[in-house]
Engineer: 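One structure is given below, represented as structure tokens, and several questions about it will come after.
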Amino acid sequence: MQSVRIRQVTVPLKIKSDVIFNINHTLEIAALQKLIKNELQVDVAKQKLYYGGKQLISDHSIADYKIKNNDVIQLLVTTDNTEKKSTKIDSDDASVRDSDVINTTSKYYKIGDLVDVVYKEIGAWFEAKIVSIYTEVTTSTDEEDLLFQVVMDRDEQTAPLNVNFHDIRPRAKYLYQLSELKPEMVVFVNYNINKPRETGYWYDFKIGEINIKKCTLVGTLMLGGDLEDINCTVKFANEVMKIEKPTLICERGSETKTIPLRKLPLYCKKCKDVSVKDCKECSCNICGKKNFIDKLIICDECEYTYHLFCLQPPLDDIPTDPEWYCPDCKNDENEIVKPGENLNKFHNGNETKTQVRTCTPKNSFGPILGIQVGTVWNDKSQIFEAGVHTNSASNVCGAEEGVYSIVLENPHEVLQDCGDEFYYNIFSRSTMKPRTITTKVFIQHITKMAKQLTSNCHNYKRENCSFGKADIWERGKPIRIVRSDKLRNISKFAPENGFRYDGIYKVVEYFPHIDATGCIVWRFLMKRDDPNPVPWKITEHKFVPISRIGEDHVRKKPKLEKFEIGENVIKFIKADVVNEKVWNECVEITELGEEAFVKKVKEMFTCVCCHDIVHMPITTHCKHNICHECLKKCFHSEIYYCPCCRLKVEKKLLSKVNHNLSGALRLLFPGYRFF
């Protein structure tokens, strides 16, 4: 027998203390609800029980939720006034809200205005329309305290967003002529961060230089928030728009009722977003039809969509499990598949191996989430499976936009390896005599691989004889470097065995060279630019492959070394005062090593909603950390309580992102900022 406490959260009945029940740990939740009904006179249909941030289901038992002796179970009593009511949101009638929120007016905006709203996670602006303006009773009516409810113009069926005054502005409508642009102007441009030559999203841009002949702009992409600004070259200089500033409603002139939507990248490149064209990429992967959208289900592994009735066997309803996998991704019903992984068994001779396939995009710059600097693999194929180097046929993985990763395996490709700096050689089959050296001749004989690597050099200034030197090398595109043990004869920084991930490097300069045989060699000076410590000074994270069937590996316990937290991380930890107790608990684990410390941080700062590391974290008044996107979904579902402790939270909390916590997590977890 054990005792549990029932505590009511928001109820019409006034109860002075908790109600205690002495029950068996095998008791079902349905039986507990009957006991609550007899004691508190609350119908079972109106009871909602919560423990540890989860709602208790009637057909489960007390033991299923690991409820311990004298623990508190929170009871939420629903009434006719607290049940959800479906309401339509339009420009004339705002939706009904809680009593602590009142409708108001703004001096600069009114309901129905066409605006641009910023998406803080990427720093881009999108078209929207204001449907409501309100404020909280406890706050002032200043413009900065107002909340604007907007809906996206491209898809009005999406849930409305609540934003503050600084997150919106009048929609851009004036298109600049190239002759009107001047340096130091801040304008509105279209740019694709991953593929600069293609159409992308719309950002604020500060002009540095204007090239009229090439019709391009060189300057800084202003992302705002805790995102770093990007120095880039805009190819679409003829599509630059003016940033509209808010003006008083009384001072407005003639208003434009309709403003055409701006260009955005295609969602599906195969069907070009044509709604009447069948496509298996953006719609059902079996029939390709774009109808019955409410019957589509997404596979958590391959991320393809399927109609419920197209599956074999067909499904009657959407599964209640949090993860679902299509038949191609999960063939064995008894196989336990984690989110983001798929275990496929394949035979090679008489051996049975297990392959891990991760959902890592092939064309991605920067670190891979979960892969720490110093990780060692025994085989080159394991690097491909981990997503660090996705080109199994070559030591250089890249595309036209640049090189993503390089494996240093051949000794003749590496020169003067000093750990943090080295020269990387790319050989050309062309030969020439030294007296024929000219810039045009070298450009004609540049290889495809060398041309890709030059794209990683930031704003390089080509000098005589095709020398290229970065303007600011730290702003170049990142390259993942993996060293092999085959370099032990020429470099003391190579690993003793296998392949080791050494972090992020960037191109400082490059130049051509003619060797003794007359062959052209392109040499690239690579320099390390990674916040993590160098791997040849820390304990290597040994990659342990999945054991074969029937084999047991006896592992020796490694010696534990105290982990020293970096100075930059300590600055963010000290600044994060609201999470001081949590950080102190994590710092105590540093005596057990880096792996234990990182594991503890991940455990303490895991979002209770998405069960992942908190992204753009918001710290509530009850000292719980939740993802910005997860809290936004709670508000859209009219849930204004903390998912952890069910205490009430304010709606304006969405605008208060904990940048100190975000900065510390970005340094501790490689790839955190690429979520």
Side-chain angles (χ1 to χ4, degrees), residues 29-30 45 48 54-60 64 83-90 126 151-161 261 264-346 354-362 609-612 627 629-630 632-639:
I29 303 300
K48 287 187 177 182
K54 297 181 180 179
Q55 183 177 353
L56 307 186
I57 303 175
S58 58
D59 58 349
H60 287 57
D64 293 337
E83 293 179 353
K84 289 185 177 180
K85 297 181 180 180
S86 58
T87 57
K88 290 186 177 181
I89 299 178
D90 50 37
F126 298 89
V151 293
M152 309 309 293
D153 256 9
R154 296 181 184 271
D155 190 1
E156 295 185 357
Q157 296 179 355
T158 57
L161 304 175
L261 298 177
L264 285 181
L266 295 174
Y267 177 76
C268 180
K269 295 182 179 180
K270 186 175 181 180
C271 66
K272 307 296 183 182
D273 293 346
V274 180
S275 58
V276 297
K277 187 177 180 180
D278 296 344
C279 180
K280 294 184 179 181
E281 291 290 330
C282 61
S283 187
C284 179
N285 195 36
I286 298 176
C287 66
K289 302 293 183 181
K290 296 184 179 179
N291 52 2
F292 300 104
I293 300 177
D294 57 331
K295 298 295 182 181
L296 287 173
I297 185 172
I298 302 177
C299 174
D300 287 323
E301 172 63 25
C302 62
E303 297 186 353
Y304 282 112
T305 56
Y306 299 86
H307 282 127
L308 297 177
F309 47 81
C310 290
L311 295 169
Q312 294 296 333
L315 298 178
D316 297 331
D317 200 358
I318 297 177
T320 57
D321 296 336
E323 293 90 23
W324 178 83
Y325 300 91
C326 66
D328 294 336
C329 294
K330 183 180 180 182
N331 297 323
D332 187 3
E333 293 295 333
N334 298 323
E335 181 183 6
I336 300 176
V337 182
K338 296 180 180 180
E341 297 182 355
N342 184 28
L343 303 180
N344 297 324
K345 296 181 179 179
F346 61 92
T354 308
Q355 181 183 13
V356 180
R357 181 163 62 90
T358 59
C359 290
T360 303
K362 290 185 177 180
C609 297
C610 63
H611 301 285
D612 206 343
C627 296
E629 192 67 25
C630 295
K632 186 192 297 183
K633 291 179 181 178
C634 292
F635 288 169
H636 289 167
S637 302
E638 298 182 2
I639 300 174

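The shown structure was predicted, so the numbers you read here are calculated from the model rather than taken from an experiment. Index from 1, following the sequence.
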Engineer: Between NZ of Lys280 and OG1 of Thr305, what distance do you get to the nearest 0.5 Å?
Structural biologist: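 Those atoms lie 12.0 Å apart.
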Engineer: Working to the nearest 0.5 angstrom, can you tell me the gap between Cys326 SG and Ile298 CD1?
Structural biologist: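 Rounded to the nearest 0.5 Å, the SG-CD1 separation comes to 12.0 Å.
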Engineer: Measure the CD1-CG distance between Ile29 and Leu56 for me, rounded to the nearest 0.5 Å.
Structural biologist: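 One finds 4.5 Å between CD1 of Ile29 and CG of Leu56.
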Engineer: Taking side-chain contact (heavy atoms from CB on, under 4.5 Å) as the definition, give me every residue that meets it alongside Pro319, ordered by chain and number, with sequence neighbours left out.
Structural biologist: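 For Pro319, the residues satisfying side-chain contact (heavy atoms from CB on, under 4.5 Å) (neighbours in sequence not counted) are Ile297, Leu315, Trp324.
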Engineer: Could you tell me the separation between the CZ atom of Phe635 and the SG atom of Cys630, rounded to the nearest 0.5 Å?
Structural biologist: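 Phe635 atom CZ to Cys630 atom SG measures 12.0 Å (nearest 0.5 Å).
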Engineer: Looking at CG of Leu308 and CG of Asp317, how far apart are the two atoms once the value is rounded to the nearest 0.5 Å?
Structural biologist: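 Atom-to-atom, Leu308:CG and Asp317:CG are 7.0 Å apart.
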Engineer: Could you tell me which residues satisfy salt bridge (charged side-chain N to carboxylate O under 4.0 Å, His left out) with Glu629, sequence neighbours excluded, listed by chain and number?
Structural biologist: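 By the salt bridge (charged side-chain N to carboxylate O under 4.0 Å, His left out) rule, Glu629 matches Lys632.
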Engineer: Once you round to the nearest 0.5 Å, how far does CE of Met152 lie from CG of Leu161?
Structural biologist: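 Rounded to the nearest 0.5 Å, the CE-CG separation comes out at 6.5 Å.
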Engineer: Could you list the donor-acceptor pairs under 3.5 angstrom formed between side-chain atoms of residues 283-292 and any protein atom two or more places apart in sequence or on another chain?
Structural biologist:
unit_1	atom_1	unit_2	atom_2	d
Ser283	OG	Lys289	O	2.2
Asn285	ND2	Tyr306	OH	3.2
Lys289	NZ	Asp278	OD2	3.1
Lys290	NZ	Val274	O	2.6
Lys290	NZ	Lys277	O	3.2

Engineer: Mind jotting down which residue pairs meet the ring pair (Phe, Tyr, Trp, His ring centres under 6.0 Å) criterion with at least one end in residues 268-290? Sequence neighbours excluded, please.
Structural biologist: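 Applying ring pair (Phe, Tyr, Trp, His ring centres under 6.0 Å) to every pair that reaches into residues 268-290, excluding sequence neighbours, yields nothing.
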Engineer: Which pair of heavy atoms, one from Leu311 and one from Pro327, lies closest together, and at what distance?
Structural biologist: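 Smallest heavy-atom distance, with atoms named: CD2-CD, 4.2 Å.
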